[in-house]
Amino acid sequence: MANLIEEAKLSIDGLLEKAYKKAVTGGLVPDAGFPQGKVEIPKDTSNGDYAANHAMAGAKALKLPPRGIAEILVSCLDLDDSFFESVQIAGPGFLNFRLSEKWYSKVLHDIQTEGTSYGRSDEGLGEKVMVEFVSANPTGPMTIGNARGGVLGDALASVLERAGYRVWREFYVNDAGNQVDLFGKSIEARYLQLIKGEDAVEFPENGYHGDDIRLLAQMIFDRDGDKYLDMDGDERCRAFVEFGLPYNIELMKKHLERYRISFDEWFLESSLHSSGYVEETVKLLEDGGYTYEKDDALWLRNTEFGADKDEVLRRANGFYTYYAVDIAYHRNKFIERGFDRVIDVWGADHHGHAIRFSASMTAPVLGLQNKKLDFLIMQMVRLVRGSEVVKVSKRTGKALTLNDLMDEIGVDACRFFFNAKPDTHLEFDLDLAIRQDSENPVYYVQYAHARICSLISAMAEEGHPIPNGGAVSAALLNTEHERGLIKQLAMFTEEIRLAARDYDPSRINRYVTELAARFHRFYTSCRIKEAEPALRDARLILCDCTEKVIANALDIIGVTAPEKM
RNA sequence: GCGCCAGUAGCUCAGGUGGAUAGAGCAACUGCCUUCUAAGCAGUAGGUCAGGGGUUCGAAUCCCUUCUGGCGUACCA
């Protein structure tokens with residue numbers, strides 16, 4: 001449960017405050033209050049591992065030049081038994097601290113003793129949070145957009161879990177509404193075309209053109225022949241939906257399982273209708289006086305909550321809109337199921353809705369005053385082939401499916417690649433993807449892991465297993481590469497904390513890539529086999545720690561850590 | 001028009017909520033395997049941080065503005 005990066009940072013503040021008090025007592029500086037400085041990790045650590053700017057921050061209040069303050073503080077500083085071995089003044093007055101052996105040893109010790117739970121923290125205080133993601137329409141196969149949302153939501157959930165939240169993964173199934181009707185009509189058209197011929201039956205204007213629809217029609221025909229031919233249109237569509245929807249949902253489950261995502265719940269939209277929950281929620285808004293009727297439809301006064309326009313809750317034909325259902329669904333998440341926080345992972349094509357929708361959710365009658373509704377809006381995936389942009393649309397049926405993608409580049413590469421920073425557009429080059437072998441950074445990381453595993457087993461065969469028990473000491477691990485590697489290992493807990501705080505699990509990708517890089521550097525410059533026994537053992541422990549953290553980090557983002565490559 | 005996201009090396013992207021000389025990977029060029037996995041390491045080259053103002057000791061980062069791209073602004077979800 002240790003975050004040594006933060007601990008060391010905090011301890012600098014404490015050390016400096018002590019030094020300041022000593023300086024005041026000694027009459028070296030006026031007592032103008034301990035300056036509020038910041039401690040940070042500099043980009044270039046050749047001058048120190050941590051830099052504090054207290055001397056600069058206090059210049060005004062103390063009426064002394066920054067460097068002068070720095071010199072006084074340093075003269076009063078006591079580093080005995082601290083995490084630091086030295087401090088230096090640099091530039092305009094930075095105080096540069098260098099980490100001590102005590103700190104490095106503690107990092108290795110923590111990893112060894114905490115094992116797979118290393119990296120966890122209680123930051124989240126057990127808050128109950130739902131991450132709703134993918135939630136693709138069950139009217140067709142999942143696309144590369146879902147590939148992005150899938151890994152983002154899943155990795156975000158993992159990161160939150162490790163940061164001390166109680167996490168629930170949910171898939172919202174849109175098994176009701178207009179799109180489902182259209183789905184039924186599309187199957188119907190294909191079915192009738194099978195019997196009467198392509199040209200004899202008109203295809204619905206906004207219907208689903210994908211081959212998967214033809215396949216469903218064919219399956220129905222193979223099973224039941226032309227028994228639906230003379231059936232009433234509505235009844236026929238209902239029968240086709242009853243066949244097609246469960247089929248598609250099962251397929252999505254299968255493909256997502258392959259993508260290594262498992263949901264705690266697949267929540268059916270239809271359940272909100274059948275239980276009367278939508279009706280009840282809309283009634284609540286009506287009774288609260290937030291609605292009005294216009295053109296036979298029921299409208300929500302959304303501008304009253306700061307939104308830029310009002311929304312239709314119930315259409316003129318009596319059906320509830322997705323908007324009303326969404327309000328009911330989220331009320332259900334918070335009120336009926338008691339989540340403290342809900343994070344919806346949505347594509348950028350829904351961001352307008354996200355803004356208006358969060359406005360609606362502030363309606364007092366919903367009772368969500370102490371609840372947190374957050375959105376992780378991910379930008380679109382742009383599909384290109386070489387320099388040509390490939391237009392994707394589910395409706396025209398030309399989308400590249402998630403499953404095809406997994407066939408082509410593999411699950412590991414897929415998950416790693418799509419775990420990119422959410423708020424930037426992701427350009428996905430098909431030509432590149434197909435030949436994404438050694439060029440993909442995922443192999444770079446996996447290779448580091450495999451390298452360690454084979455090294456450790458080779459050493460064990462020679463009678464040098466990883467030493468266990470006894471105090472772990474980093475005293476002998478004093479080269480630049482060894483210390484750089486240990487520092488990166490120490491960063492893990494902090495990285496998870498930041499990824500959880502910022503809803504940006506792609507930090508883990510960058511973290512683990514850097515960790516692998518530091519291991520490769522260490523591996524190249526530090527021999528293990530020929531080292532003196534004490535040094536060899538220390539390095540073996542370092543390898544073991546690295547292996548554990550790489551595997552742990554890859555597990556967060558759902559990538560395998562192979563022992564051989 | 002209004003709103004959201006973005007614009008950093010030839011390409012794909014980092015840049016910890018204002019810090020020291022703006023960084024990786026790929027592509028290009030040069031080295032390193034009779035020694036623990038070369039899917040690796042070391043090095044060279046590559047920049048008006050889209051443009052222009054402003055805030056201050058200090059700006060890729062914060063504010064204003066212009067330009068460019070994506071998305072949104074349905075009685076679809």
Side-chain angles (χ1 to χ4, degrees), chain A residues 5 38 40-44 47 51 53 56 59-60 66 90-94 96 135-137 139 172 174 176-182 206 269 294-299 308-309 311-323 325-326 346-356 377-380 382 387 420-429 432 437-448 450-459 462 491 494-495 498 502 506-507 509-510 513-514 516-517 519-531 536 539 543 564-565:
Chain A
I5 295 288
K38 273 184 69 178
E40 52 193 23
I41 299 170
K43 275 175 220 153
D44 179 8
N47 296 317
N53 68 352
M56 290 138 84
K60 238 175 213 168
F94 284 108
N96 290 331
S135 301
N137 268 330
T139 50
Y172 180 55
N174 296 113
N178 255 353
Q179 297 306 320
V180 172
D181 292 344
L182 205 52
N206 295 317
E269 176 188 342
K294 194 179 88 179
D295 304 331
D296 297 326
L298 184 71
W299 292 72
D308 55 354
K309 63 197 249 317
E311 296 287 343
V312 172
L313 293 177
R314 194 173 50 226
R315 292 187 265 160
N317 64 9
F319 290 117
Y320 291 104
T321 60
Y322 78 99
Y323 203 91
V325 182
D326 245 12
W346 286 357
D349 52 346
H350 287 69
H351 76 255
H353 177 218
I355 294 167
R356 288 185 291 275
I377 302 294
M378 49 158 188
Q379 295 301 313
M380 308 267 81
R382 215 162 67 111
S387 56
K421 218 167 79 168
D423 60 6
T424 53
H425 302 263
L426 181 62
E427 190 168 290
F428 188 83
D429 190 334
L432 208 71
D437 34 51
S438 58
E439 206 175 281
N440 193 313
V442 71
Y443 299 104
Y444 180 83
V445 176
Q446 290 183 318
Y447 181 61
R451 230 179 181 184
I452 298 171
C453 289
S454 92
L455 169 64
I456 287 175
S457 71
M459 292 301 289
E462 288 185 24
M491 194 72 85
E494 175 68 355
E495 253 344 300
L498 293 173
D502 298 341
S506 75
R507 296 188 69 105
N509 275 27
R510 275 168 255 134
T513 304
E514 177 62 27
F519 173 77
H520 285 311
R521 261 175 249 151
F522 154 75
Y523 181 88
T524 309
S525 71
C526 301
R527 302 288 304 174
I528 288 136
K529 212 181 207 170
E530 294 86 10
R536 181 197 62 213
R539 285 179 175 167
C543 287
K564 274 185 187 152
M565 279 175 83

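Because only heavy atoms are used, hydrogens play no part in the values below, and waters and symmetry mates are left out as well, while side chains stay in. Just so you know, these numbers come straight off a predicted model, no measurement behind them.
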Residues forming a side-chain hydrogen bond (donor to acceptor under 3.5 Å, both in side chains) with R315(A), sequence neighbours excluded
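Listed in chain order: nothing, the list is empty.
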Would you say the base of [N] and the side-chain of [X] have a donor-acceptor pair closer than 3.5 Å?
{"X": "N96(A)", "N": "rA20(B)", "answer": "yes"}
{"X": "H353(A)", "N": "rA77(B)", "answer": "no"}
{"X": "Y322(A)", "N": "rA77(B)", "answer": "yes"}

Which of the following nucleotides, [options], is nearest to the side chain of [X]?
{"X": "K309(A)", "options": "rA38(B), rC41(B), rA74(B)", "value": "rA74(B)"}
{"X": "A458(A)", "options": "rA77(B), rC36(B), rC41(B)", "value": "rC36(B)"}
{"X": "Q179(A)", "options": "rU37(B), rC76(B), rA77(B)", "value": "rC76(B)"}
{"X": "T524(A)", "options": "rG40(B), rC71(B), rG18(B)", "value": "rG40(B)"}

Do R507(A) and E495(A) have side-chain heavy atoms sitting under 4.5 Å apart?
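When only atoms from C-beta onward are counted, E495(A) and R507(A) do touch, with a gap below 4.5 Å.
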Partners meeting salt bridge (charged side-chain N to carboxylate O under 4.0 Å, His left out) with R536(A) (sequence neighbours left out)
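Counting only residues at least two positions away or on another chain, R536(A) forms no salt bridge (charged side-chain N to carboxylate O under 4.0 Å, His left out).
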With E311(A), which residues qualify under salt bridge (charged side-chain N to carboxylate O under 4.0 Å, His left out), at least two apart?
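With neighbours one apart ignored, the set is K309(A), R356(A).
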The criterion is side chain to side chain contact (heavy atoms under 4.5 Å, CB included); which residues satisfy it with [X], sequence neighbours excluded?
{"X": "C453(A)", "value": "H449(A), E547(A), E563(A)"}
{"X": "Y523(A)", "value": "R451(A), L455(A), F519(A)"}
{"X": "E514(A)", "value": "Q488(A), R518(A), R521(A)"}
{"X": "H353(A)", "value": "Y322(A), Y323(A), D326(A), W346(A), F357(A)"}

Taking atom [atom1] in both [N] and [M], what distance in whole Å separates the two?
{"N": "rG52(B)", "M": "rA60(B)", "atom1": "C1'", "result": "16 Å"}
{"N": "rU68(B)", "M": "rG51(B)", "atom1": "P", "result": "15 Å"}
{"N": "rA14(B)", "M": "rA24(B)", "atom1": "P", "result": "16 Å"}
{"N": "rA9(B)", "M": "rC49(B)", "atom1": "P", "result": "10 Å"}
{"N": "rC26(B)", "M": "rU34(B)", "atom1": "C1'", "result": "33 Å"}
{"N": "rU55(B)", "M": "rC13(B)", "atom1": "P", "result": "35 Å"}
{"N": "rG10(B)", "M": "rA45(B)", "atom1": "C1'", "result": "12 Å"}
{"N": "rU8(B)", "M": "rA59(B)", "atom1": "C1'", "result": "14 Å"}

For rU35(B) and Y523(A) - does any side-chain N or O of the residue sit under 4.0 Å from the phosphate oxygens OP1/OP2?
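The answer is no; no side-chain N or O of Y523(A) sits under 4.0 Å from OP1 or OP2.
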K294(A) vs rC75(B): side-chain N/O to OP1/OP2 distance below 4.0 Å
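Checking rC75(B) against K294(A), no side-chain N or O comes under 4.0 Å of OP1 or OP2.
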Under a 4.0 Å heavy-atom criterion, the protein footprint on nucleotides 4-15 of chain B, written with B, S and -, is BBS-----SSSS
Under a 90° cut-off about 0 for the syn range, is rC33(B) syn or anti?
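Base orientation relative to the sugar is syn.
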With a non-hydrogen cut-off below 4.0 angstrom, is [X] in contact with a base, only sugar-phosphate, or nothing?
{"X": "A450(A)", "value": "base"}
{"X": "D295(A)", "value": "base"}
{"X": "K38(A)", "value": "sugar-phosphate"}
{"X": "C543(A)", "value": "nothing"}

What is the separation between atom [atom1] on [X] and atom [atom2] on [N], rounded to the nearest whole Å?
{"X": "I456(A)", "N": "rU37(B)", "atom1": "CD1", "atom2": "P", "result": "12 Å"}
{"X": "N53(A)", "N": "rG58(B)", "atom1": "CG", "atom2": "C1'", "result": "12 Å"}
{"X": "N178(A)", "N": "rC76(B)", "atom1": "CG", "atom2": "P", "result": "5 Å"}

5'-most contact on RNA chain B: W299(A) or A51(A), nearest heavy atom basis?
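Counting from the 5' end, the first nearest nucleotide belongs to A51(A).
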So, does N174(A) use its side chain to make a donor-acceptor pair with the main chain of N137(A) at under 3.5 Å?
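Judged by distance alone, no pair lies under 3.5 Å.
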Taking H351(A) for the side chain and A348(A) for the main chain, is one N or O donor matched with an acceptor at less than 3.5 Å?
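Present.
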Would you check if F94(A) stacks with the base of rG19(B), given a 5.5 Å centroid limit and a 30° plane limit, both strict?
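Answer is no, no stack.
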Enumerate all atom pairs, one protein N or O and one N or O from nucleotides 42-46 of chain B, separated by less than 3.5 Å.
residue	atom	partner	partner atom	Å
rA42(B)	OP1	R521(A)	NE	3.4

